[in-house]
There are 2 protein chains.
Amino acid sequence: MAEALSNLSRKEQVIRKAAELFKEKGYSAASMRDLAQKLGIEAASLYSHIKSKEEILRTLCFDMATDFRASLSEVEKKKVTASEKLRLGIIGHVQVMARDLTASAVFMNEHRHLSQPYLRDFLLLRINYINRFKTIIEDGISSGDFRKDIDTKLSVMTLFSSLNWMPAWFSPDSTIEPEKLGQQLADMLINGLKQNR
Amino acid sequence: MAEALSNLSRKEQVIRKAAELFKEKGYSAASMRDLAQKLGIEAASLYSHIKSKEEILRTLCFDMATDFRASLSEVEKKKVTASEKLRLGIIGHVQVMARDLTASAVFMNEHRHLSQPYLRDFLLLRINYINRFKTIIEDGISSGDFRKDIDTKLSVMTLFSSLNWMPAWFSPDSTIEPEKLGQQLADMLINGLKQNR
DNA sequence: AAGCAAAACTAACAACTGTTAGTGGAAGAA
DNA sequence: TTCTTCCACTAACAGTTGTTAGTTTTGCTT
């Protein structure tokens, strides 16, 4: 079973290059011949490593989903105030993204090209994740941590919109570390732009 | 030249259907035969109305860009505080989006499939628009309207991320009107989630 | 040296891509 | 009627798509 390792390693090499390509051109516009060229092989050779183009997309999307959920589960365990929990949740999300910005971008923008039933499964995972954040915000409102007049649905969508576009504009050679960035983002969303009196 | 009108009307019908299709499937995955089918005609017949597939995308992207810029120009004229200007800018942006959510989604997600030199032009328009918002925020910091410790680049990217995902989740049959939504969004970004004190 | 598995190759497929050329019908204007 | 304009059609093009079958090369392990 030593072949499993080297196989995985080469397979992962293919998947990583695919992620770059899918991010750059989008899933549909990226052809298997493009991908092969990036790896210096023929298109048909890809199929020694993967079953299909969509299998690559599935792997990318569901692996990221797993990481996001694991991060949130850690945060939910902690016994802290809602606003602190939200802060930690945001930082965790940013850190997972930063660990693989390329896959994150694909996860975000290309998941819609999954076919059924995978698309359905993916969307269910996603809505569950979002709802868990929504619960944190609702708890925060109950406890007086957050304002009572905010619309939780709007808040949570705004939150994810902000988070999810990060891969598009965050460059890894930036001086700012992901955790710092997460902190700032959380601060901005929680406290707003306005001077507090 | 009376034909220009009726031609335009039919052409616009094609473009609107194309926008729906591009939003649904993405530009690359949407074929001209798909589009033709939606209109109940043959694919080749489309070329009586448009020059190419990309011409449709160009029209959608640049028409939206024009509307966004016009809205912001109106706001910039007003003599109000920076935070008020930001609020108005956000509301304006949301209203332009709400006027055509489908085109907005295409504008946002599919513009990268423009070929050169149109892509370059588009991105220049976009960065100019963003920078004008950034200026408003900087003015707000100088005047003491906004906190001095915020990162303007991060703020403005967060702002646009929040705004731009609206077409993805806002449904036109929602009870909330666009202006109200813009108000709430602006309020959330400016004041944050947290209870003041 | 022999064997084995991983990973590449060539050749080809059926389906689909955007687009052009040329044609014809329908409707209103002259 | 005849002319014109719009709008659709059929047929076909050259190129690209994901994928397969079958074969050969490569490099390690015995």
Side-chain angles (χ1 to χ4, degrees), chain A residues 1-22 24-61 106 110-116 118-119, chain B residues 1-22 24-61 106 110-116 118-119:
Chain A
M1 301 296 147
E3 84 266 19
L5 267 174
S6 98
N7 182 17
L8 211 95
S9 141
R10 184 54 170 160
K11 183 172 180 175
E12 268 184 1
Q13 217 171 316
V14 170
I15 291 174
R16 284 194 65 79
K17 281 280 179 208
E20 289 172 25
L21 192 66
F22 291 172
E24 254 175 60
K25 311 183 77 173
Y27 177 77
S28 288
S31 79
M32 296 304 270
R33 283 167 182 84
D34 288 341
L35 176 55
Q37 197 178 22
K38 267 201 144 197
L39 289 156
I41 61 178
E42 291 297 315
S45 309
L46 292 167
Y47 291 83
S48 303
H49 309 290
I50 49 124
K51 287 200 199 63
S52 68
K53 185 185 181 186
E54 206 195 317
E55 187 206 36
I56 304 178
L57 183 61
R58 274 203 301 271
T59 305
L60 288 167
C61 288
V106 174
E110 310 300 331
H111 69 257
R112 63 167 155 176
H113 294 108
L114 289 168
S115 65
Q116 299 292 9
Y118 304 102
L119 180 58
Chain B
M1 301 294 151
E3 83 266 22
L5 266 174
S6 99
N7 182 19
L8 211 95
S9 140
R10 184 53 169 162
K11 183 172 182 176
E12 267 183 3
Q13 216 171 317
V14 170
I15 291 175
R16 286 195 64 81
K17 280 279 179 210
E20 289 173 24
L21 192 66
F22 292 171
E24 254 175 58
K25 312 185 79 174
Y27 177 78
S28 287
S31 79
M32 295 304 270
R33 282 166 181 84
D34 289 340
L35 176 55
Q37 197 178 21
K38 267 202 143 195
L39 288 156
I41 61 177
E42 291 297 314
S45 309
L46 292 167
Y47 292 83
S48 303
H49 308 289
I50 49 124
K51 286 199 199 63
S52 68
K53 186 185 181 188
E54 206 195 315
E55 187 205 38
I56 303 178
L57 183 60
R58 274 204 300 271
T59 304
L60 288 167
C61 288
V106 173
E110 311 299 332
H111 69 257
R112 63 168 154 175
H113 294 108
L114 289 169
S115 66
Q116 299 291 9
Y118 305 101
L119 180 58

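In what follows, every chain begins at residue 1, and chains take the letters A, B, ... in the order their sequences are listed. What you see is a predicted model, and the numbers here were worked out from it, not measured in a lab.
For A:Ser52, counting side-chain heavy atoms from C-beta on, the closest listed nucleotide (C:dG18, C:dA8, D:dT19) is D:dT19. Nearest to the side-chain atoms of A:Arg10 among the listed nucleotides C:dT17, D:dC7, C:dA7 stands C:dA7. In the set C:dA7, D:dA11, C:dG18, C:dA7 carries the atom at the smallest distance from any side-chain atom of A:His49. Closest to the side chain of A:Ile41, out of D:dT19, C:dC9, D:dT10, is C:dC9. Nearest to the side chain of A:Lys53, among C:dT19, C:dC9, D:dT19, sits D:dT19. Picking from C:dT19, C:dA8, D:dT19 the nucleotide with the shortest atom distance to the side chain of A:Ala43 gives D:dT19. Proximity note for B:Tyr47 (side chain, C-beta onward) versus D:dG18, C:dT19, D:dC9: the nearest is C:dT19.
Computed from coordinates, the B:Leu46 CG to C:dT20 C1' distance equals 14 Å when rounded to whole Å. Following rounding to the nearest Å, B:Ile56 (CD1) and C:dG18 (C1') show an atom-to-atom distance of 11 Å. Atom CE of B:Met32 and atom P of D:dT16 are 18 Å apart (whole Å). Counting to the nearest Å, the P atom of D:dG18 and the CG atom of A:Leu21 are 10 Å from each other. One interatomic measurement links the two molecules: CG of B:Asp34 to P of C:dC16, which rounds to 11 Å at whole-angstrom precision.
The minimum heavy-atom distance between B:Leu21 and B:Leu35, with the atom names listed, is CD2-N, 3.6 Å. The nearest pair of heavy atoms linking A:Arg58 to A:Leu114 is CG-CD2, 3.5 Å. Heavy atoms only, all atoms of each residue included: B:Phe22 and B:Ala30 are closest at CD2-CB, 3.8 Å.
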Would A:Lys53 and A:His113 count as a side-chain contact (heavy atoms from CB on, under 4.5 Å) here? Give the steps. CA-CA 11 Å; A:Lys53 185 185 181 186; A:His113 294 108; over 6 Å; no
Walk me through it: do A:Arg16 and A:Gln13 pass the test side-chain contact (heavy atoms from CB on, under 4.5 Å)? CA-CA 5 Å; A:Arg16 284 194 65 79; A:Gln13 217 171 316; 6.0 Å; no
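For B:Ser31, no side-chain nitrogen or oxygen approaches OP1 or OP2 of C:dC16 to under 4.0 Å.
Of the two residues contacting DNA chain C, namely A:Gly40 and A:Arg33, the nearest-nucleotide position lying further toward the 5' end is that of A:Gly40.
Evaluation of atom-type donor-acceptor distances gives a pair under 3.5 Å for the side chain of B:Ser48 against the base of D:dA8.
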